[in-house]
Amino acid sequence: MRTKISLGTLILVSLLLAVALTALLFGGSRIFSVPFPAFDLFDLVARTLPGGLLTFGIDLMVATIRGLNLGPTADTAKLAEQLMATGLFIGLATFAGLIFLSLMQGRAEKSTRSLRDSLLFGLGLALVWGLPLLAVSAAMSRTATADPAVSIAWLVLLYAGWGLALGYAFFRLNRVPKTAVGTETSATGLDRRQFLVLLGGATAVITVLGAGLGALLNSTTRAVTAVAALPDLGGKPPLKLPNADDPLQPALGTRLEYTPLDQHYRIDINTGYGPRLDLDSYTLKITGLVAEPAELTLAEIQDYEPMSQYITMSCISNPVAGDLIGTTLWTGTSMQNLLERVKPLPEATHIKIKAADGFDEVVALDVIRQDERVMLTYAWDNEPLREKHGAPLRIHIPNLYGMKQPKWITEMEFIPAWEEGYWVRRGWDKEARVRATSVIDTVATDAIIESGDQQLVPIGGIAWAGARGISRVEVQVDAGEWVEAQLRRPISDKTWVIWRYDWPFTAGQHTFAVRCVETDGTPQIEAADGVRPSGATGVHQVSEAL
């Protein structure tokens, strides 16, 4: 008589093998640049969910990160997505393995199963499980650069290995050692315990090697993107920014006026790290209602007159005082040059911009014709665009949130009417026009200024209204009168402005608030509103016990 394998044992074995499979898949994706099915599956789920549910999840994630102060929002959110994706994949693999082992145990109660039978049934599970996942990876993977045949062979090998491992595990768990009469149960238990220890050790080694090597390669290879084909852009911007001679200095603790590239936020629709495009063979396809369709190489795009602009950009999901905003130097060519090249037909009114990750957005031709600053960008911070920031091409459209500005651009189709873009289809604002915002970054009690018999505490932050500019910033203390702050000349007319107010210090609990006014006199919206669907508004307040 065979002893039944406990449910806990079946779950443990399924989980161990699922974790080992996931680690090998992750390591392989980094070593061989093949798909990582966990991310591919999560991308499919995210793009299939109703827009309201998806954005609810995004809002909840951002609120949790900010509420618990878990670090930079963009990086932490990306890590959270990846952990959720990995957890989902491990959970599904564990469930599939558990179903397999349970079915095998049911069959084993009726007849003895050989090792051959167990392995064949395991391969059958691998087939049922693996084929749909192969299809998902084929449809969703944007980061794999390996030959498709290599990717398929690798995934088939691992799925088959996983199925065989499950089959072998069941055979070992179900096997009754040849022992003396009357000791069958205890011997079986001993054999199972030994096997579980061996299995746990083996899967731990596999997991550490696969995940560890993958993480190591990820940290090194992702830091250097495939941009060698792009020309030298003259090095980093000079340390002396255009407004360096402005006498007003930021209050101690104000965010950096120019965002280091490694700290610039990155938000996109990919669980992984964004598409990897072969820059040597890359072309930008321009199709649709144009007299001269084209496929332009990077070199041809860079042959147009270059332009560089200091630009602040923000994500529409950035809450009031959030960190999904940054300022850097953008370099590219005016989109007006491309219009001259392809000659839009009279019936063309918009361009549908398509990206390698499946993202799309639409821009009106009139916007481009009226504003030469609309730019097809190939460099940030005087270096070619990094992979995570949209290499090789992204667009900049003044006064719009990042959701309207695709990256990893592969095609532009001229169309006769406006269409909803990726996020608009999911319930976000049609225009996504930047809303003015002002933020208190610091109440610098460790930089008090002695002014006669009075002490002044520098208070500072940023204010921004897209390319519309800021004319005034006002600070309020303890619900008192609004007092005008000093403004530092911005780096450009398209960047945030640094403000400062030296507050006469008094001890106690105080609440500070800030608001701003745009260049044309339009005040920022003071009523509090969340990020969805048009961007956050409201007066930023900070309370301090001084």
Side-chain angles (χ1 to χ4, degrees), residues 142 145 226-227 229-231 233 268-270 274-309 311 313 330-380 384-387 389-398 400 402-425 432:
R142 300 291 188 273
T145 57
V227 294
L230 296 181
L233 297 172
D268 51 61
I269 64 173
N270 307 287
R276 278 183 168 178
L277 300 179
D278 182 354
L279 302 188
D280 291 331
S281 62
Y282 172 86
T283 58
L284 172 65
K285 293 179 62 177
I286 303 179
T287 63
L289 300 174
V290 293
E292 298 182 14
E295 289 194 24
L296 302 177
T297 66
L298 281 176
E300 289 174 317
I301 293 170
Q302 291 157 3
D303 278 343
Y304 290 110
E305 182 69 23
M307 62 188 302
S308 292
Q309 307 178 80
I311 293 169
M313 186 180 67
W330 298 53
T331 300
T333 187
S334 174
M335 280 290 294
Q336 292 180 356
N337 292 326
L338 268 69
L339 297 191
E340 294 177 7
R341 168 67 173 79
V342 299
K343 298 179 175 54
L345 299 177
E347 56 267 36
T349 62
H350 292 76
I351 304 175
K352 184 174 185 178
I353 304 173
K354 303 175 185 179
D357 60 351
F359 186 86
D360 65 273
E361 190 47 73
V362 173
V363 58
L365 282 177
D366 284 347
V367 170
I368 297 172
R369 289 178 173 130
Q370 295 167 11
D371 192 343
E372 66 177 1
R373 300 172 301 175
V374 179
M375 178 172 62
L376 194 58
T377 304
Y378 46 77
W380 269 15
L385 272 177
R386 296 183 180 181
E387 195 173 273
H389 291 309
L393 291 174
R394 63 184 298 160
I395 195 170
H396 170 66
I397 308 170
L400 301 185
M403 64 163 272
K404 286 288 185 178
Q405 312 201 36
K407 37 194 180 286
W408 302 292
I409 296 173
T410 56
E411 183 178 351
M412 294 185 176
E413 180 187 3
F414 285 68
I415 57 178
W418 177 81
E419 297 179 7
E420 293 181 336
Y422 183 93
W423 285 115
V424 178
R425 293 193 296 272

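Since the model is a prediction, treat every value here as computed from it, not as a measurement.
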Student: Compare every heavy atom of L339 with every heavy atom of P344, then report the nearest pair and how far apart it is.
Tutor: CD-O, 3.3 Å

Student: Nearest 0.5 Å, what's the OG1-CG distance between T283 and L296?
Tutor: 8.5 Å

Student: Checking H350 against L289 for the side chain to side chain contact (heavy atoms under 4.5 Å, CB included) test, could you report, in this order, the C-alpha distance in whole Å, the side-chain angles of both residues, the deciding distance, and whether it holds?
Tutor: CA-CA 10 Å; H350 292 76; L289 300 174; over 6 Å; no

Student: Holding to salt bridge (Lys or Arg N to Asp or Glu O under 4.0 Å), I want the full list of residues that pass it with R142, two or more places apart in sequence or in another chain.
Tutor: none

Student: Is there a side chain to side chain contact (heavy atoms under 4.5 Å, CB included) between F359 and N270? Walk through the geometry before answering.
Tutor: CA-CA 10 Å; F359 186 86; N270 307 287; over 6 Å; no

Student: Once salt bridge (Lys or Arg N to Asp or Glu O under 4.0 Å) is applied, do any residues pair with D303, and if so which ones, sequence neighbours excluded?
Tutor: none

Student: Rounded at 0.5 Å granularity, tell me how far CD in E361 sits from CG in L400.
Tutor: 9.0 Å

Student: Which heavy atom of Y378 sits nearest to which heavy atom of P306, and what is that distance?
Tutor: OH-CB, 3.7 Å

Student: Looking at CE of M412 and CD1 of I395, how far apart are the two atoms once the value is rounded to the nearest 0.5 Å?
Tutor: 5.0 Å

Student: Suppose we screen for side chain to side chain donor-acceptor pair (under 3.5 Å). Which residues come up paired with E411, at least two apart in sequence or across chains?
Tutor: T287

Student: With a 3.5 Å distance limit and no angle check, can you tell me whether T349 reaches the backbone of P416 through a side-chain donor-acceptor pair?
Tutor: yes

Student: Under 3.5 Å, which donor-acceptor pairs link side chains of residues 363-370 to any protein atom two or more places apart or in another chain?
Tutor:
none

Student: Mind checking side chain to side chain contact (heavy atoms under 4.5 Å, CB included) for T333 and listing every partner two or more places apart, or none if nothing turns up?
Tutor: I301, Y304, N337, L338, L376

Student: How close do A291 and L345 get, heavy atom to heavy atom, and via which atoms?
Tutor: N-CD2, 3.9 Å

Student: Check salt bridge (Lys or Arg N to Asp or Glu O under 4.0 Å) between K352 and all other residues, then give those that pass, not counting sequence neighbours.
Tutor: E419

Student: How close do I409 and L284 get, counting heavy atoms only, and between which atoms?
Tutor: CG2-CD1, 3.7 Å

Student: With rounding to the nearest 0.5 Å, note down the distance linking CD in E305 to CD in E372.
Tutor: 11.0 Å

Student: To the nearest 0.5 Å, what is the distance between OG1 on T377 and CE on M335?
Tutor: 10.5 Å

Student: Taking only residues two or more places apart in sequence, or in another chain, which ones meet H396 in a side chain to side chain donor-acceptor pair (under 3.5 Å)?
Tutor: Q405

Student: Locate the shortest heavy-atom distance separating L277 from A391; write the atom from each residue and the value.
Tutor: CD1-O, 4.0 Å

Student: List in chain and number order the residues that pass side chain to side chain contact (heavy atoms under 4.5 Å, CB included) with T145, two or more places apart in sequence or in another chain; answer none if no residue qualifies.
Tutor: S33, R276

Student: Please enumerate all residues that pass side chain to side chain contact (heavy atoms under 4.5 Å, CB included) together with A417, with sequence neighbours excluded.
Tutor: none

Student: Begin from the C-alpha positions of M375 and I311 and carry the test side chain to side chain contact (heavy atoms under 4.5 Å, CB included) through to its verdict.
Tutor: CA-CA 11 Å; M375 178 172 62; I311 293 169; 4.3 Å; yes

Student: Which residue pairs pass the salt bridge (charged side-chain N to carboxylate O under 4.0 Å, His left out) test with at least one member in residues 281-301, sequence neighbours excluded?
Tutor: E292-R341, E292-K343

Student: With sequence neighbours left out, write down each residue that passes side chain to side chain contact (heavy atoms under 4.5 Å, CB included) with R425, or none if nothing qualifies.
Tutor: D360, E420, Y422

Student: Do you know the tightest heavy-atom contact between T410 and A356?
Tutor: CG2-CB, 3.7 Å

Student: Taking C-beta and beyond as the side chain, do V424 and M403 meet within less than 4.5 Å on heavy atoms?
Tutor: yes

Student: With sequence neighbours excluded, tell me which residues meet salt bridge (Lys or Arg N to Asp or Glu O under 4.0 Å) with K407.
Tutor: none

Student: First locate atom CH2 of W408, then atom CD1 of I269, and finally report the distance between them rounded to the nearest 0.5 Å.
Tutor: 8.5 Å

